[in-house]
Amino acid sequence: MKGSRFLLALLPSLLLACQRQVDHTAVKTQIVQPARPSGKVLRIFMWSDYIDPQVVKEFEKRNGVRVVIDTYESNEAMLAKLQGGGSDYDLANPSNYFVQAMLRSKLLQPLQTGLIPNFKNVAAGFLNPGYDPGNVYTVPYQYAATGLAYNASRYTPPTRSWSLVFGPSDTVKFVLLDDPREVIGAALKYLGFSVNSASVPQLRAARDLLRKVVVKRGFLGFDGGPGTRNRLLAGDIDLGQIYVGDLLQGAAENKALKVFLPKEGTTISTDTLVLLAGAANPVLARKFIDTVLAPKVSAAISNYTSYGNPNAASRPYLAPLLRDNPAFNLPQADLKSGKVEFIEELPTGKPPRLYDRIWSELKSR
Ligand code: SPD
C-alpha cells in the first residue's frame, strides 16, 4: 500500500530526528494571550485519550472559544454515529481505511489545505496518501501499530507470539480490541495471511480460529485501548491486544507495562483529521487543525499520547520514549516485507460482508 511506502520513507529521518534534544516544556510554558469569549463552540469527535488536554485549553484561551471533544473507541462506532446524523461535530478523526467510506456517505467537505499554513509541516512520506490523493479531505494526525501488552510485575509472556491468545492453551486471562479489523486482522496474521485478506477460505479459517478463542475461559471480552491499559494496570488481565500508543501512554507512569509486536506480524494504521460536511464552524475547525500541526503543539500531543507523529517539523521536540521503544520504531524491514501491514479499506462486496458477519457472531457470544 502507498501508506506503508510513505512510512518507510519517513522512518529513517524520524529516528535521526528523535536523537536531538527534547524540549518538554515547549507548549506548557507558552504565554497565552486570552481572546475575548466569542461564544463559539468547536465540536470534535475523536478517539479517546488522543490529545494533550493542555493543547485544547490553550486553544480555547487563545481563541476565546470552547472546545467540546466527544470520544469513541472504534471507527465503526464513529461512522455509525455520524451516519445517524445525531451530533453536530466540526471535526472527526477516522483511520486511513475509513476515509473513503465517510466520503461515500457524504460526511466530508474539502479541507482546503491552502487555508492551513502549518500543513507544510506534514512529513513528505505522509502527503498524498492512497486513501486521499492530494490530501483533499485529510491531514494525518497520528499513527501506531497494534501489539500484545502485559504487566511485567504480574506476568511474563513465555513467547512473543499471537499463539498466547490464539493458540490452544487456556491459561492466560486476556482481552482483544473491540475493533473488527484488528481482531480478524490479527487472526489472519497468526494464520500466515494478509490483514487485508479478501479470500473467503482465509476468512473462514480466521473465523473458525476466533470461534475457539472467544469461548476460552481466559477470554475476558473486547475492550478499547485505554480500557485494556487500565485492566492491565489493575491486574485484571495478563495480556491485552492494544494499540501500541495507548499502552506506552500508561508505561510513561508505570514501567511494568510492556508491549511487543507478535513475531507473526501485525497491523498499523494512520488516524487523520477531517472536516465534516455539516461543520458549523469550518473556519475555527481549520484553525484547530493548523494549531495541531504547529511543530511544538504537534510534538506535545504525541509526547502526551505516545503515538507516532507524522509532522516533520515537530521531530526536534519529540520525547525519548517515542524513539526508544522498538514497538514504536518499527523495523523498516518488517514494513517492507509486509510483516507489519497497514490496514486498508476492503473492496466492496462479499469480503466486507464476511468480516461483518464474523464480527457479529463473535460479539454475540
Ligand atoms: N486512544 C487512541 C486510539 C487510536 C487508535 N488508532 C486507530 C486504530 C484503528 N485500527
**Asked** With distance as the sole criterion, is a donor-acceptor pair present between the side chains of Tyr304 and Asp49 under 3.5 Å?
**Response** no
**Asked** Does atom NZ of Lys106 have more than 12 heavy-atom neighbours from other groups under 6.0 Å away?
**Response** no
**Message:** Regarding Ser306 and Gln249, do their side chains bring together a donor and an acceptor under 3.5 Å, going by distance alone?
**Reply:** no
**Prompt:** Distance-only, no hydrogens or angles: does the Trp359 side chain make a donor-acceptor pair with backbone N or O of Asp179 under 3.5 Å?
**Reply:** no
**Prompt:** Which distance, rounded to the nearest 0.5 Å, do you find between the CG of Leu247 and the CZ of Phe260?
**Reply:** 10.5 Å
**Message:** One pair to check against side-chain hydrogen bond (donor to acceptor under 3.5 Å, both in side chains): Tyr317 and Asn303. What are the steps and the verdict?
**Reply:** CA-CA 9 Å; Tyr317 310 107; Asn303 290 342; over 6 Å; no
**Message:** Which heavy atom of Leu79 sits nearest to which heavy atom of Ala101, and what is that distance?
**Reply:** CD2-CB, 4.2 Å
**Message:** Using 0.5 Å steps for rounding, measure from the CG atom of Leu103 to the CG atom of Leu108.
**Reply:** 4.5 Å
**Message:** Could you check whether any side-chain heavy atom of Lys363 comes within less than 4.5 Å of a side-chain heavy atom of Asp178, counting everything from C-beta outward?
**Reply:** yes
**Asked** Got a second to check how far Tyr89's OH is from Leu276's CG, nearest 0.5 Å?
**Response** 10.0 Å
**Request:** Go through the steps to decide whether Tyr131 and Phe98 satisfy the test ring pair (Phe, Tyr, Trp, His ring centres under 6.0 Å), and finish with yes or no.
**Result:** CA-CA 9 Å; Tyr131 57 84; Phe98 261 67; over 10 Å; no
**Asked** Can you find a heavy atom in the side chain of Glu341 that is under 4.5 Å from one in the side chain of Ser194?
**Response** yes
**Message:** Students often mix this up, so state it plainly: with edges at 30° and 60°, are the rings of Tyr50 and Tyr141 parallel, tilted or perpendicular?
**Reply:** perpendicular
**Message:** Please evaluate residues Ser105 and Gln83 with respect to the criterion side-chain hydrogen bond (donor to acceptor under 3.5 Å, both in side chains), reporting the C-alpha separation (whole Å), side-chain torsions for both, the decisive distance (0.1 Å), and the verdict.
**Reply:** CA-CA 7 Å; Ser105 291; Gln83 282 173 332; 2.8 Å; yes
**Prompt:** What's the shortest heavy-atom distance between Leu111 and Arg286, and which atoms?
**Reply:** O-NE, 2.6 Å
**Item:** Parallel, tilted or perpendicular, as decided by the 30° and 60° cut-offs, for the rings of Phe222 and Phe219
**Value:** perpendicular
**Asked** Any donor-acceptor pair under 3.5 Å linking the side chain of Asn118 with the backbone of Asp290?
**Response** yes
**Message:** Looking at Asn96 and Ile343, would you say the former's side chain and the latter's main chain have a donor-acceptor pair under 3.5 Å?
**Reply:** yes
**Asked** Between Lys216 and Ser169, is there a donor-acceptor pair closer than 3.5 Å when you use the side chain of the first and the backbone of the second?
**Response** yes
**Asked** Does Lys81 come within less than 4.0 Å of Glu76, counting only side-chain N to carboxylate O?
**Response** no
**Item:** Joint hydrophobic cluster, Ile116 plus Val136, side-chain heavy atoms closer than 4.5 Å
**Value:** yes
**Message:** Please evaluate residues Glu182 and Lys189 with respect to the criterion salt bridge (charged side-chain N to carboxylate O under 4.0 Å, His left out), reporting the C-alpha separation (whole Å), side-chain torsions for both, the decisive distance (0.1 Å), and the verdict.
**Reply:** CA-CA 10 Å; Glu182 294 288 355; Lys189 214 63 191 158; over 6 Å; no
**Fill in**
In this structure, NZ of Lys287 is separated from NZ of Lys40 (nearest 0.5 Å) by 9.0 Å
**Request:** Taking the side chain as every heavy atom from C-beta outward, state whether Phe342 and Tyr97 have any atom pair closer than 4.5 Å.
**Result:** no
**Request:** Verify, without hydrogens or angle tests, whether Thr272 (side chain) and Pro94 (backbone) share a donor-acceptor contact under 3.5 angstrom.
**Result:** yes
**Asked** For Ser95 and Asp271, what are the C-alpha separation, side-chain angles and deciding distance, and is it a side-chain hydrogen bond (donor to acceptor under 3.5 Å, both in side chains)?
**Response** CA-CA 4 Å; Ser95 300; Asp271 299 316; 2.6 Å; yes
**Prompt:** Does any N or O in the side chain of Ser360 come within less than 3.5 Å of the main-chain N or O of Asp356, such that one atom is a donor and the other an acceptor?
**Reply:** yes
**Item:** Geometric class of the Trp47/Tyr72 ring pair [parallel <30°, tilted 30-60°, perpendicular >60°]
**Value:** tilted
**Asked** Any sub-3.5 Å donor-acceptor pair from Ser163's side-chain atoms to Phe166's backbone N or O?
**Response** no
**Request:** Applying side-chain hydrogen bond (donor to acceptor under 3.5 Å, both in side chains), run through Gln241 and Thr228 and close with a yes or a no.
**Result:** CA-CA 8 Å; Gln241 183 191 22; Thr228 301; over 6 Å; no
**Request:** With the side chain counted from C-beta on, respond yes when Lys258 and Asn151 share a heavy-atom pair under 4.5 Å apart, and no when they do not.
**Result:** no
**Prompt:** Would you call Val122 and Leu293 a side-chain contact if the rule is heavy atoms closer than 4.5 Å?
**Reply:** yes
**Fill in**
Closest non-hydrogen atoms of Leu261 and Ala145, given as atom of the first, atom of the second and distance, are CD2-CB, 4.1 Å
**Asked** Between Met46 and Val41, is there a shared hydrophobic cluster once you connect ILVMFWY residues whose side-chain heavy atoms come closer than 4.5 Å?
**Response** no
**Request:** Could you tell me how the ring of Phe126 sits relative to the ring of Tyr143: parallel (under 30°), tilted (30 to 60°) or perpendicular (over 60°)?
**Result:** parallel
**Message:** Quick check: closest heavy atoms across Gly308 and Pro310, and the distance to 0.1 Å?
**Reply:** O-CD, 3.8 Å
**Message:** Less than 4.0 angstrom from a charged side-chain N to a carboxylate O is my criterion; do Arg154 and Asp238 meet it?
**Reply:** no
**Prompt:** Charged N to carboxylate O under 4.0 angstrom, Glu361 versus Arg357?
**Reply:** no
**Item:** Reported CG-to-CZ distance for the pair Asn121 and Arg315, which is rounded to 0.5 angstrom
**Value:** 10.5 Å
**Message:** Whether the side chain of Lys339 engages the backbone of Glu264 through a donor-acceptor N/O pair (distance < 3.5 Å, no angle test) should be reported.
**Reply:** no
**Message:** Minimum heavy-atom separation for Thr270 and Pro140, please, with both atom names.
**Reply:** CG2-CB, 4.1 Å
**Asked** Under the 3.5 angstrom rule, does the side chain of Asp90 hit a backbone N or O of Asn281 as a donor-acceptor pair?
**Response** yes
**Prompt:** Just wondering, more than 12 heavy atoms not from Arg211 lying within 6.0 Å of its CZ?
**Reply:** yes
**Item:** Shortest non-hydrogen contact between Gly130 and Pro133, atoms and distance
**Value:** O-CD, 3.6 Å
**Asked** Only one of Asn311, Thr305, Asn309 forms a side-chain hydrogen bond (donor to acceptor under 3.5 Å, both in side chains) with Gln142, so which one is it?
**Response** Thr305
**Prompt:** Heavy-atom distance under 4.5 Å between the side chains of Pro129 and Asn135, does that happen here?
**Reply:** yes
**Message:** Between Asn254 and Gly250 (side chain of the first, backbone of the second, donor and acceptor by atom type, cut-off under 3.5 Å), is there such a pair?
**Reply:** no
**Prompt:** From Arg231 CZ over to Asp236 CG, what is the distance, rounded to the nearest 0.5 angstrom?
**Reply:** 6.5 Å
**Prompt:** Any side-chain heavy atom of Gln54 within less than 4.5 Å of one from Val56?
**Reply:** no
**Prompt:** Under 4.5 Å between any side-chain heavy atoms of Arg229 and Pro226, yes or no?
**Reply:** yes
